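Working notes for the structure below.
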Amino acid sequence: MSLQNTFNVLLIGAGEINFGSVEGPWNHTKRLEQKLGSRLRVVGLVDLDQTKARAVIDEKKALIKDSYDSTEVFESIASAAEGLKGARLPQLAILGIPPQFRGQSSSGRDAELALIKAFPSISLFCEKPVTTGPIERIAEAQSVRDSLGKHAGKGVVGVGYMLRYLKACADIKDILRENNLTVMATNARYTMAYEYAVKLGWWDKSQSQGPIIEQATHFADLSRFFGGEVDLKSVSARTVEHDTSAGSLGKKGFDEEKIDAANRIPRITAAVWQYESGAVGTLMHSVALHDATYDTEIEIIADGYRLKLVDPYNAPVLYIRRPGLAGEEVRRYDQDDPFYSEISAMIDAVESGSSDGLLSTFDDALRTYEFTWAIRKAGEAVKP
Ligand SMILES: NC(=O)c1ccc[n+]([C@@H]2O[C@H](COP(=O)([O-])OP(=O)(O)OC[C@H]3O[C@@H](n4cnc5c(N)ncnc54)[C@H](O)[C@@H]3O)[C@@H](O)[C@H]2O)c1
């Protein structure tokens, strides 16, 4: 393999999204290895936790020497900039650190800006959500979007809303297009199993910003993917809060008393909005199920059609009602791997210099972030 054929990647974050987890299928390095094979060169890994970073790289090195033999571990993007020059310049950075350290312009929260400054022709793949922080900081995220817009032509930027890459979602888009359909409504349900969710920060709005921004973001994003732009002024929501009998949860595995009452998350958020097209969307997020299995689905309604995507995270099934069909058509997608599809699209975009094949851009993903904040604020505005 000639040197020109190698593909240099800089990983930001030594955690679960980049290196895998027992909790789910995410693992970007695995998909990079699948896509690039012996072409892959992980030139660097940035993580504050140097011990953890060295340990994950040592483990990889033992298995896949060519790709990880020369990986250097850095504690900051600035030190990676010092260490990676010439043939070791990264073509793509994968940003897998928590969102509060990305997507903004102030020092320490500005990973994207630091990367494009350090490596002027780098491409970026940012995890979702594009940022998190108090609502006042959305303007900072908008300025990052503008800077990344000016970076176009030097590098491409994609965001990890991987559900957009499901084959089932491509089929829904095809059915809408082929039948010249206008979406009338979207209806999403995200029912989480909370028994084993024991990280205190997740239950604390001052840290995670709450379950719509942190968790239901994938379904807010899918709603926009099918329904189009949301009229943010139309968003209304009702919540079931922690201090009502309807919000009492019996299987919590942590001490919620440690969280300030004002920052405890709602158990149910039910939101309704109007798309700019005139269509209507709904989302209900619930913190309610026991054990570990979540229950998620989204329906798209159009004249004569109901397209219902069930369990998109684990075992996607699409149920199609269409004119003239008794009952419904059922399509199963057991072997589909949207994490592979999004990484594959990202590598192709870097190599071609065109972002046409990317299904989630920074600009688009920022609108999902703004939408999730609109839902949270609407719920808080009418909190009983
Ligand atoms: N698409 C999905 O299904 C999916 C799944 C998991 C995670 N994610 C996203 O990936 C991101 C990371 O999540 P994770 O589960 O890998 O987290 P994690 O806690 O497992 O890992 C984060 C790593 O980042 C490091 N870190 C934190 N702040 C840093 C900083 N300022 N500079 C350098 N390193 C820093 C930590 O030491 C840690 O090793 C989140 O945005 C999350 O939403 C997406």
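Note that the structure is predicted; figures quoted are calculated from it, not measured. As the structure lists them, so they are numbered: ligands from 1, and atoms in each ligand from 1. Residue numbers count from 1 along this sequence.
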Quick one: which of Met162, Gln215, His218, Arg102 has a heavy atom closest to atom 41 (O) of ligand 1?
Arg102
Heteroatom proximity flag, Ile17 to ligand 1, N/O under 3.5 Å
yes
The protein heavy atom nearest to atom 12 (C) of ligand 1 is Gly96 O, 3.4 Å
Distance from atom 21 (O) of ligand 1 to nearest protein heavy atom, with residue and atom:
Gly15 CA, 3.2 Å
Sub-3.5 Å donor-acceptor pair from the side chain of Asp337 to the main-chain atoms of Tyr340, do we have one?
yes
Might you point out which heavy atoms bring Ala216 and His285 nearest each other, and give the distance in Å?
CB-CD2, 3.8 Å
Gln104 and Ser106: side chain donor to acceptor below 3.5 Å:
no
Can you pull out the closest protein heavy atom to atom 35 (C) of ligand 1? Residue, atom name and distance to 0.1 Å, please.
Ile97 CG2, 3.5 Å
Is the backbone N or O of Ala53 less than 3.5 Å from a side-chain atom of Asp47, with the two atoms forming a donor-acceptor pair by type?
no
Given 3.5 Å as the limit, does a donor-acceptor pair link the side chain of Ser67 with the main chain of Leu40, or not?
yes
Can you spot which of Tyr313, Tyr190, Tyr294 makes a ring pair (Phe, Tyr, Trp, His ring centres under 6.0 Å) with His218?
Tyr313
Determine whether any protein heavy atom is located less than 4.0 Å from atom 16 (O) of ligand 1.
yes
Under 6.0 Å between the ring centres of Phe19 and His28?
no
Atom 44 (C) of ligand 1: which protein heavy atom is closest, and how many Å away?
Glu127 OE1, 3.3 Å
Proximity winner for atom 6 (C) of ligand 1, if only heavy atoms of Trp26, Tyr161, Phe74 are counted
Trp26
Please write down residue, atom name and distance for the protein heavy atom closest to atom 22 (C) of ligand 1.
Pro98 CD, 3.8 Å
Please work out, at 4.0 Å between heavy atoms, whether the side chain, the backbone, both, or neither of Glu16 comes within that distance of ligand 1.
both
From Asp47, Ile12, Asp49 - option closest to atom 37 (O) of ligand 1 by heavy atom:
Asp47
Donor on one side chain, acceptor on other, Asp295 and Thr191, under 3.5 Å:
no
Measure Lys128 to ligand 1 on non-hydrogen atoms and call it side chain, backbone, both or neither using the 4.0 Å cut-off.
both
I need the contact type for Lys199 against ligand 1. Using non-hydrogen atoms and a strict under-4.0 Å cut-off, is it side chain, backbone, both or neither?
neither
Suppose I only count heavy atoms of Lys52 and a 4.0 Å limit; which atoms of ligand 1 are within that range?
38 (C), 39 (O)
Nearest neighbour of atom 28 (N) of ligand 1 from the list Phe101, Tyr313, Phe339, on a heavy-atom basis
Phe101
For the side chain of Glu297 and the backbone of Ala188, is there at least one donor-acceptor N/O pair under 3.5 Å apart?
no
Which of the ligand 1 atoms, numbered from 1, are nearer than 4.0 Å to a heavy atom of Leu48:
28 (N), 29 (C), 30 (C), 31 (N), 32 (N), 33 (C), 34 (N), 35 (C)
Mind listing the side-chain donor-acceptor pairs of residues 314-322 below 3.5 Å, one per line with the distance, residues two or more places apart or on another chain?
residue, atom, partner, partner atom, Å
Asn314, ND2, Asp311, OD1, 3.1
Arg322, NH2, Glu329, OE1, 3.1

